[in-house]
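Residue numbers run from 1 in the order of the sequence given. Atoms within each ligand, like the ligands themselves, are counted from 1 in listed order.
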Amino acid sequence: MCGIVGYIGDKKAYPILIKGLSRLEYRGYDSAGVALIQDGKILNVYKRQGKVQDLVDFANDFSTEGTVGIGHTRWATHGEPNDVNAHPHFSGDENIVLVHNGIIENYEIIKKELTKRGHEFKTETDTEVLVHLIEEIKENSQVSIEEAVRMALKEVHGAYAIVLISKDSPDKIIAARKSSPLVIGLGEDEYYVASDATPIVEYTKNVVYLEDEQIAIVDRKNGLRIISIGNTEVSPYVQELEMQLEELEKGGYDHFMLKEIYEQPRAIHDSFRGRLNAAESWIALGGIRDYENQIANADRIVIIACGTSWHAGLVGEYLIEDLARIPVEVEYASEFRYRNPIIRPNDVVIAISQSGETADTLAALKMAKEEGATLLGIVNVVGSSISRVTDAGSYTHAGPEIGVASTKAFTTQVTILAMMAMLLAKKRGTINQTRFQNLLNEMEAIPEKIEYLLTSNDYIKGIADNYKDAANALFLGRGSCFPIALEGALKLKEISYIHAEGYPAAEMKHGPIALIDENMPVFVIATQGPNYEKVVSNIQEVKARKGKIIAIVTKGDTIVKDIADHYIEIPETDELLVPILATVPFQLISYHIAVMRGCNVDQPRNLAKSVTVE
Ligand code: M6R
């Protein structure tokens, strides 16, 4: 969380920083700030509580000159989100300014030490402590700014991506990372630094991803130099970005979330393109080819993830166990890493993450690595930390997801998991050719079926209107659609702030049924399949208590349609692929309810897209 950006070159830095911060705003939007060096000697810092636009409105009255600068958009960890705690933060002598993404865990101890030495702190942040520490070392040891940064970082514990500039070295930007991402863009005699490539892509496609415990020294004349915290030289590995600028724009939609919902046919198609061919009856996941035997013979698969990605993992458990008959456990990364789990060398651990930067997932992976497990990733952001820590993996190819609520990332994660399950089943001989072929055919048809589903958007909006004032909601599903009930509930609560819970439909009678009255909307997945009649009984139980039923049914259903208050039809598909289709109406319902309630759909309160703190 928090987005950071920096620029040094011949252009005016301020517009580049502001545009970059707007692109990174999805990472945090409690406050924003910039620092600019004007004429090589004046350090101007502007920061404001609120959005990047609040900063722009404020800075309008002041000079924004300068060709070197840094910026920050904050998701508060230490200290409330106000103007004072906003980044950048100054050193005591106001010569150095620094922006930071992450948490310095031992900041209180360092702060006490520095206070004893006469430092005075103006904010409640851990970041201010770090910039004072750098200042202290620079003064005491009489070293360059980059050496002071290196020495300071040896003393701090925790996670950081930092970028700083200083009045004494006005032609340099120093950046460093540990467990929080940083990318450096290489232009013509100009350099960009950012938390991800989105602020960079319109200026250059050549980037260097900084690795953990590396420091980048970007010098206007001498270019980019990278050293490790242990002080060894590192040759920069330049990669080419595949991202397109249009992917970062709303493209005529009111919100990124709606655009991303509508992108799902394309995104899912991209996630299986070149990996599956129904006419020729094959499936191949190039990224894990070398590990196929190992996965097929694993004692068990452990899936680790957070939030929506964890829900995808739960669907994966149903798919892999059902088709490939390999035991699967799905763990919250945040619990897994702290509960002394049993991990054996013959386990395969799969991390699922849209951003590839989620701190808990990354830490859980590192722990599994130490125990000798094979690590795979199902990740969207190319070049992200998780994709680099894992032994192998499959990118989801969903394209940039900007809306904080995950949509296309989820359905593409499930697509990859379905392909993995089919591949492993084929390899282990646990699927017959007829079922395999049917699944291939059905998978290829999913994008078209979602296109069809999206034509019901206005109808779904009409249904949403009935429930926009609800205080609570229940989501029910069974089998592989139980995780879709969890995902539906998460979507509704995170963007509309309506309290919602997801349950396996049959569990309702063990408690949640007590909540049901005429004010309770109950969203139920009641598609055709082995559990259909059981779910119909659950619906009757809700109706008997005057609850309102909004049912997702298979096209052509007659029974549930008659009982439900509202129904949404989804096209028929293989039972194991229903989760992908059933997700879409829940995304649209949540979206419309949130818009009707006047909520900030793309940037819900208190959240951030990329959770790089524990
Ligand atoms: O980037 P990741 O997939 O690792 O992120 C995990 C969660 O933070 C994320 O899915 C979160 O729950 C979303 N806001 C849900 O829409």
Looking only at protein heavy atoms, which one is nearest to [atom], and what is the separation?
| atom | value |
| --- | --- |
| atom 8 (O) of ligand 1 | Val611 CG2, 3.8 Å |
| atom 10 (O) of ligand 1 | Thr308 N, 3.1 Å |
| atom 5 (O) of ligand 1 | Thr358 OG1, 3.5 Å |
| atom 1 (O) of ligand 1 | Ser355 OG, 2.7 Å |

Quick one: which ligand 1 atoms are inside 4.0 Å of a heavy atom on [X]?
| X | result |
| --- | --- |
| Cys306 | 6 (C), 7 (C), 10 (O) |
| Lys491 | 15 (C), 16 (O) |
| Ser309 | 2 (P), 3 (O), 10 (O) |
| Ala405 | 16 (O) |

Under a 3.5 Å distance rule, please check whether Asp212 uses its side chain to pair with a backbone N or O of Ser179 as donor and acceptor.
yes
Lys259 side-chain N/O to Asp254 backbone N/O, donor-acceptor pair under 3.5 Å
no
Can an N or O of Glu494 be found at a distance shorter than 3.5 Å from an N or O of ligand 1?
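There is such a contact, yes.
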If we count only N and O atoms by modelled type, under 3.5 Å, do the side chains of [X] and [Y] hold a donor and an acceptor together?
| X | Y | value |
| --- | --- | --- |
| Asn380 | Thr396 | yes |
| Glu451 | Gln264 | no |
| Gln49 | Asn82 | no |

Give a yes/no verdict on whether any heavy atom in Val404 is under 4.0 Å from an atom of ligand 1.
yes
Run the contact test for Glu357 against ligand 1 with a 4.0 Å cut-off on heavy atoms, strictly below, and give the result.
no
Taking the minimum heavy-atom distance to atom 12 (O) of ligand 1, which of Ser353, Ala351, Gly307 ranks first?
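Of the listed residues, Gly307 has the closest heavy atom.
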Can you tell if the side chain of Tyr29 reaches within under 4.5 Å of the side chain of Gln603, non-hydrogen atoms only?
yes
Sidechain N-carboxylate O distance under 4.0 Å for Arg300, Glu329
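Looking at Glu329 together with Arg300, the answer is yes, because their closest N to O distance falls below 4.0 Å.
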Of Ser309, Ser353, Ser334, Ser384, the residue whose pairing with Thr358 passes side-chain contact (heavy atoms from CB on, under 4.5 Å):
Ser353
